[in-house]
Amino acid sequence: MSDWRTNAELDMDIRVEQVRLVFISMKNSLYLGIALALVLVLALYSADNSVHLLIWFALVAGGRVICVSYAILALRSGITASNTLKLIWQMCLIKAFEGLTWGALAWIVMGQGSLPEQLLTMASLAGVSGNAVSLLAPVFPLYASMQLMQLGVINSKLWLIDGSSYTVLAIGCTLYVIGQIGQALIVQRASDR
């Protein structure tokens with residue numbers, strides 16, 4: 001019985017350190033996410049989408065500030081065995097909001113913008129998705145909450161656009177995320193050791 005308890009305590013110590021590591025990484029990621037969103041606004045801005053893009057930017061920037069602020073507060077207060085699960089689930093809500101806001105860019109650009117604008121949008125969202133693997137994978141629920149929300153929002157737009165190329169793109173996005181989920185699970189398992 002004491003061996004099991006020792007293993008459970010060790011597992012919890014590892015989980016606390018995983019959350020601490022991810023929150024420290026989040027703390028250092030504020031400016032990059034906002035800078036990417038700003039570059040996208042500047043590149044995609046037109047009279048037709050200006051209001052939507054500015055609202056999108058405000059939501060993305062606000063989500064980043066909330067995420068980073070929450071991570072900083074959690075680190076200052078201390079991440080412990082008693083609060084780790086609560087911190088994970090609360091951050092999952094924040095990451096789901098971030099996934100929703102990033103994915104919303106597809107609703108602004110896909111099917112309406114020029115081909116280069118649509119390619120820039122999808123490449124940027126793929127980059128955000130790829131960054132999420134490296135940043136969030138040690139605490140898989142954080143990755144999954146952001147990524148599945150982002151994929152759902154993107155694909156909800158792609159499936160509504162007429163044209164087989166958008167359907168193929170939606171399928172490709174899904175396969176891309178499935179591959180990333182596999183990578184994130186590998187990272188999660190490796191960091192559990």
Side-chain angles (χ1 to χ4, degrees), residues 22-72 91-137 142-181 183-184:
V22 168
F23 280 28
I24 288 169
S25 296
M26 286 178 189
K27 186 178 89 167
N28 298 322
S29 70
L30 174 64
Y31 301 114
L32 187 58
I34 292 175
L36 175 59
L38 182 58
V39 166
L40 288 169
V41 167
L42 295 173
L44 300 170
Y45 191 88
S46 73
D48 294 335
N49 68 14
S50 59
V51 172
H52 292 111
L53 267 179
L54 294 175
I55 291 170
W56 173 81
F57 176 76
L59 291 171
V60 168
R64 291 300 313 137
V65 169
I66 290 167
C67 177
V68 171
S69 298
Y70 186 82
I72 289 170
M91 185 59 84
C92 279
L93 293 174
I94 295 168
K95 297 313 286 180
F97 175 76
E98 285 194 295
L100 178 115
T101 56
W102 276 106
L105 186 60
W107 279 86
I108 299 168
V109 178
M110 299 308 293
Q112 288 109 8
S114 67
L115 181 59
E117 289 171 338
Q118 292 183 68
L119 290 172
L120 174 63
T121 296
M122 293 309 293
S124 298
L125 294 175
V128 168
S129 180
N131 185 59
V133 172
S134 63
L135 181 67
L136 303 174
L142 300 180
Y143 168 76
S145 62
M146 179 179 177
Q147 204 49 54
L148 294 176
M149 184 63 76
Q150 182 176 326
L151 175 66
V153 174
I154 293 168
N155 275 358
S156 68
K157 176 62 176 181
L158 295 176
W159 285 106
L160 291 175
I161 303 171
D162 285 333
S164 61
S165 60
Y166 291 102
T167 302
V168 170
L169 186 57
I171 293 167
C173 287
T174 303
L175 293 173
Y176 178 71
V177 170
I178 289 170
Q180 286 190 319
I181 287 171
Q183 288 298 110

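Given the structure is predicted, the values throughout are model-derived calculations rather than measurements. The first residue of the sequence shown is numbered 1, and numbering continues consecutively from there.
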Which residues share a side chain to side chain contact (heavy atoms under 4.5 Å, CB included) with L32, sequence neighbours left out: none
Test side-chain contact (heavy atoms from CB on, under 4.5 Å) applied to M146 and V128, step by step: CA-CA 10 Å; M146 179 179 177; V128 168; 3.6 Å; yes
Residue list, side-chain hydrogen bond (donor to acceptor under 3.5 Å, both in side chains) with T174, at least two apart or on another chain: N155
Residues that L119 engages under side chain to side chain contact (heavy atoms under 4.5 Å, CB included), provided they are two or more places apart: L115
Between CG on residue L142 and CG on residue L93, distance to nearest 0.5 Å: 10.5 Å
Show me the donor-acceptor pairs within less than 3.5 Å that the side chains of residues 37-46 make with the rest of the protein, sequence neighbours left out.
{"unit_1": "S46", "atom_1": "OG", "unit_2": "D48", "atom_2": "N", "d": "3.3"}
{"unit_1": "S46", "atom_1": "OG", "unit_2": "N49", "atom_2": "N", "d": "3.4"}
{"unit_1": "S46", "atom_1": "OG", "unit_2": "N49", "atom_2": "OD1", "d": "3.3"}

I34 side, atom CD1; F57 side, atom CZ - distance, nearest 0.5 Å: 6.5 Å
Under 3.5 Å, sequence neighbours excluded: what are the donor-acceptor pairs made by side chains of residues 160-173?
{"unit_1": "Y166", "atom_1": "OH", "unit_2": "Q118", "atom_2": "OE1", "d": "2.7"}
{"unit_1": "Y166", "atom_1": "OH", "unit_2": "Q118", "atom_2": "NE2", "d": "3.3"}

C92 to S145 - nearest heavy-atom pair and separation: O-OG, 3.3 Å
Side chain Q183, main chain G130, donor-acceptor under 3.5 Å: no
S25: side-chain hydrogen bond (donor to acceptor under 3.5 Å, both in side chains) partners, not counting sequence neighbours: none
Residue list, side chain to side chain contact (heavy atoms under 4.5 Å, CB included) with I66, at least two apart or on another chain: I94
Nearest-0.5 Å distance, CD1 of residue I55 to OG of residue S50: 9.5 Å
Pairwise side-chain hydrogen bond (donor to acceptor under 3.5 Å, both in side chains) hits with a residue in residues 60-69, at least two apart: S29-R64, R64-E98
For the student: nearest non-hydrogen atoms of M149 and G99, plus distance: CG-C, 4.0 Å
With Q112 via side chain to side chain contact (heavy atoms under 4.5 Å, CB included) - residues at least two apart: K157
Test side-chain hydrogen bond (donor to acceptor under 3.5 Å, both in side chains) applied to Y176 - qualifying residues, sequence neighbours left out: Q180
Full working for side-chain contact (heavy atoms from CB on, under 4.5 Å) between Q147 and I181: CA-CA 9 Å; Q147 204 49 54; I181 287 171; 5.6 Å; no
Spacing of CG belonging to L105 relative to CG belonging to L59, to within rounding of 0.5 Å: 12.0 Å
Side-chain donor or acceptor of S129 paired with backbone N/O of L125 under 3.5 Å: no
L100 CG to I154 CD1 distance, which is reported to the nearest 0.5 Å: 10.5 Å
Residue pairs, two or more places apart or on separate chains, that pass ring-ring contact (aromatic ring centres under 6.0 Å, His included) and touch residues 92-116: W56-W102
Point-to-point distance, once rounded to the nearest 0.5 Å, from CG of L30 to CD1 of I72: 7.5 Å
L136/M26 under side-chain contact (heavy atoms from CB on, under 4.5 Å): CA gap, chis, key distance, verdict: CA-CA 9 Å; L136 303 174; M26 286 178 189; 3.4 Å; yes
